[in-house]
Q: 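Structure provided below as structure tokens; questions to follow.
Each chain gets a letter, A, B and so on, in the order the sequences are listed, and its residues count up from 1.
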There are 2 protein chains.
Amino acid sequence: MGPQNGEDVGVATTRKTFAILETLRESEGLSIAEITRRTELTKSTVYRHLKTLQELGYVIERDGEYYIGMGLLEIAEQTRNREPGYTVAQRKVFDLGRETDERAMFLVEENFEGVYLYRYGSPSNTMVGERRPLHALASGKVILAEFDDDRLERFVERKELGQHAKNTITGQGALREELAEVREQGYALNDEEYMDGLFGVAVPVYTPEDELLGSLGLFGPTSRFTDEYLYDDLIDRLWDKAGEIKVTLAYG
Amino acid sequence: MGPQNGEDVGVATTRKTFAILETLRESEGLSIAEITRRTELTKSTVYRHLKTLQELGYVIERDGEYYIGMGLLEIAEQTRNREPGYTVAQRKVFDLGRETDERAMFLVEENFEGVYLYRYGSPSNTMVGERRPLHALASGKVILAEFDDDRLERFVERKELGQHAKNTITGQGALREELAEVREQGYALNDEEYMDGLFGVAVPVYTPEDELLGSLGLFGPTSRFTDEYLYDDLIDRLWDKAGEIKVTLAYG
DNA sequence: AAGAGTATTCTGCTGTACGAAACAACTGTC
DNA sequence: GACAGTTGTTTCGTACAGCAGAATACTCTT
């Protein structure tokens, strides 16, 4: 029968491999039978793929249960430290969290989505690597504010401005106005736009060449973020840290 | 002709996919032609695999150059936080580094190798995810000291006790004696055993159930680590931090 | 002992990933 | 402006590798 359309240049086997890895990501410690059930693959297929991944060191097996190995960490970490600035940002995120006792994070953009690169904060950890809609986050808006018209056009075209919480900006016009304001004032707020009850504030981080590196932000329950706290403390502190990153990059 | 031996259950396509990813890991920002040159693959194969990986979100393309995307980060990070203890360890590594101004790290074992899970310290960053021989590190010896006889037997069988620096322990007998000593004193030293001029000290980290979680360590130039500094400060500090991890795990 | 659940091995078929080659879009060179 | 040398993209027939399914081996329960 052949492929259904002539456009598919992909490699089906690779897709299967990652289907297995993604299944393991969601819940590690699965048996071959269990993975077979959760994917649309055959037992023998799962078996062969797992053996291959194990041989390559990306999957480990401990008494019948399969786990993702640390091999991917080596690849991922190299990626995360692609830009020297990212490493500097990591430290600042940590310091920021320690000093304010709020949740802190550093966000970058990829494929029109926000990706958490570093994070400090207590609750159910590991948001690192997760993706969020740019238009519904303070950090996201900071990044969008740097897009030129073309890029922003493509963004709203490809991504819907979906409603995530009661104050999410869903209109194109409103978004453009908001971004202009963000550009002007140099920071962005997220007042229950991503999740009800959640407040965020973020600033842009630039390289010494004045290119946008990412966005540094704080977030937490809305009640904590009083105007006073925000304008007399947090925003200045964020600007300081962003500046420190730039300076560290410029001079050792 | 068929497969050369009946033992090969692997998936060749998957191996090709990861050959490409590993090539990109070593040096990102490569063109299709460049990847073709560095691997043993055909141009069209590289092309097809890259398109697939891009579609899956694990590779991104920026004006003709291909990079590893942050998609793998999401998988890897989940793995790294598999054990709740790892997250706690991360913070302690950071604190340790800040307090002592030395390089700090947390190491776990996988496939008889040491894997850096977290790290604090200045120079050429990102050792995270990298692998090291267990017998040549302070942290490695701490982990080996917990192996039972069977496991240690298999370890020396599978891994050579290779010489990495002037003081590396390469004899089985010597290693066993050393491990007994480590067990007894509760810490391990690395006196130019992995790299000439490099000194390390490490302690084990246990869960509330007294299972080994990993090893917490400090390292730096040999000259810095005087006996006084070691025995009056660092080792006690490491023990403290390891204890704090255990306690944090037991009670919020 | 039988049963239900595993992982592993085997085999022949089929679909697909592959390589080679041609094409298109750019580059710089003379 | 023609030409040679890049690059990425597409096509296409075929070998071969990944696949399904069954058969086997192995653990546990009961």
Q: If I take atom CD1 in residue A/I32 and atom P in nucleotide C/dA7, what distance separates them, rounded to the nearest angstrom?
A: 5 Å
Q: Taking all non-hydrogen atoms of both residues, which atom of B/Y47 and which atom of B/I32 are closest, and how far apart?
A: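 Heavy-atom minimum between the residues: CD1-CD1, 3.6 Å.
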Q: How long is the line joining CG of B/L53 and P of C/dA17, in whole Å?
A: 13 Å
Q: If you round to the nearest 0.5 Å, how far is CG of B/L216 from CD of B/E244?
A: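 If I round to the nearest 0.5 Å, the distance is 10.0 Å.
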Q: For the pair made of CZ in A/R37 and C1' in C/dA7, what is the distance, rounded to whole Å?
A: 13 Å
Q: Starting from P on C/dT16, measure out to OH on B/Y47 and report it in whole angstrom.
A: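 Result: 19 Å.
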Q: Starting at CZ of B/R15 and ending at C1' of D/dG18, how long is that distance when rounded to a whole Å?
A: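 Rounded to the whole Å, the gap is 12 Å.
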Q: Between B/K51 and D/dG8, is there a side-chain N or O to OP1/OP2 distance below 4.0 Å?
A: no
Q: Can you measure A/Q54 atom CD to C/dA7 atom P for me and round it to whole angstrom units?
A: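 Computing the A/Q54:CD to C/dA7:P distance gives 12 Å.
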Q: In whole Å, what is the span from the CG atom of B/D63 to the P atom of C/dT27?
A: 13 Å
Q: Using side-chain contact (heavy atoms from CB on, under 4.5 Å) as the criterion, point out the one residue from B/L249, B/L212, B/I245 that pairs with B/V205.
A: B/I245
Q: Using the ring of each side chain (for Trp, its six-membered ring), is A/F155 parallel, tilted or perpendicular to A/F112, with breaks at 30° and 60°?
A: perpendicular
Q: At under 4.0 Å between heavy atoms, how does the protein contact nucleotides 18-25 of chain C? Give one character per nucleotide, 5' to 3', with B, S or -.
A: BBB-----
Q: Ring of A/Y116, cation from A/R119 - is the NZ or CZ under 6.0 Å from the centre and inside 45° of the axis?
A: no
Q: Starting at CD of A/E34 and ending at P of C/dT6, how long is that distance when rounded to a whole Å?
A: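 Answer to the nearest Å: 8 Å.
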Q: For A/Y86, does the six-membered ring have the charged nitrogen or CZ of A/R80 within the cation-pi criterion, i.e. under 6.0 angstrom from the centroid and within 45° of the normal?
A: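 Not flagged: A/R80 not positioned over aromatic ring of A/Y86.
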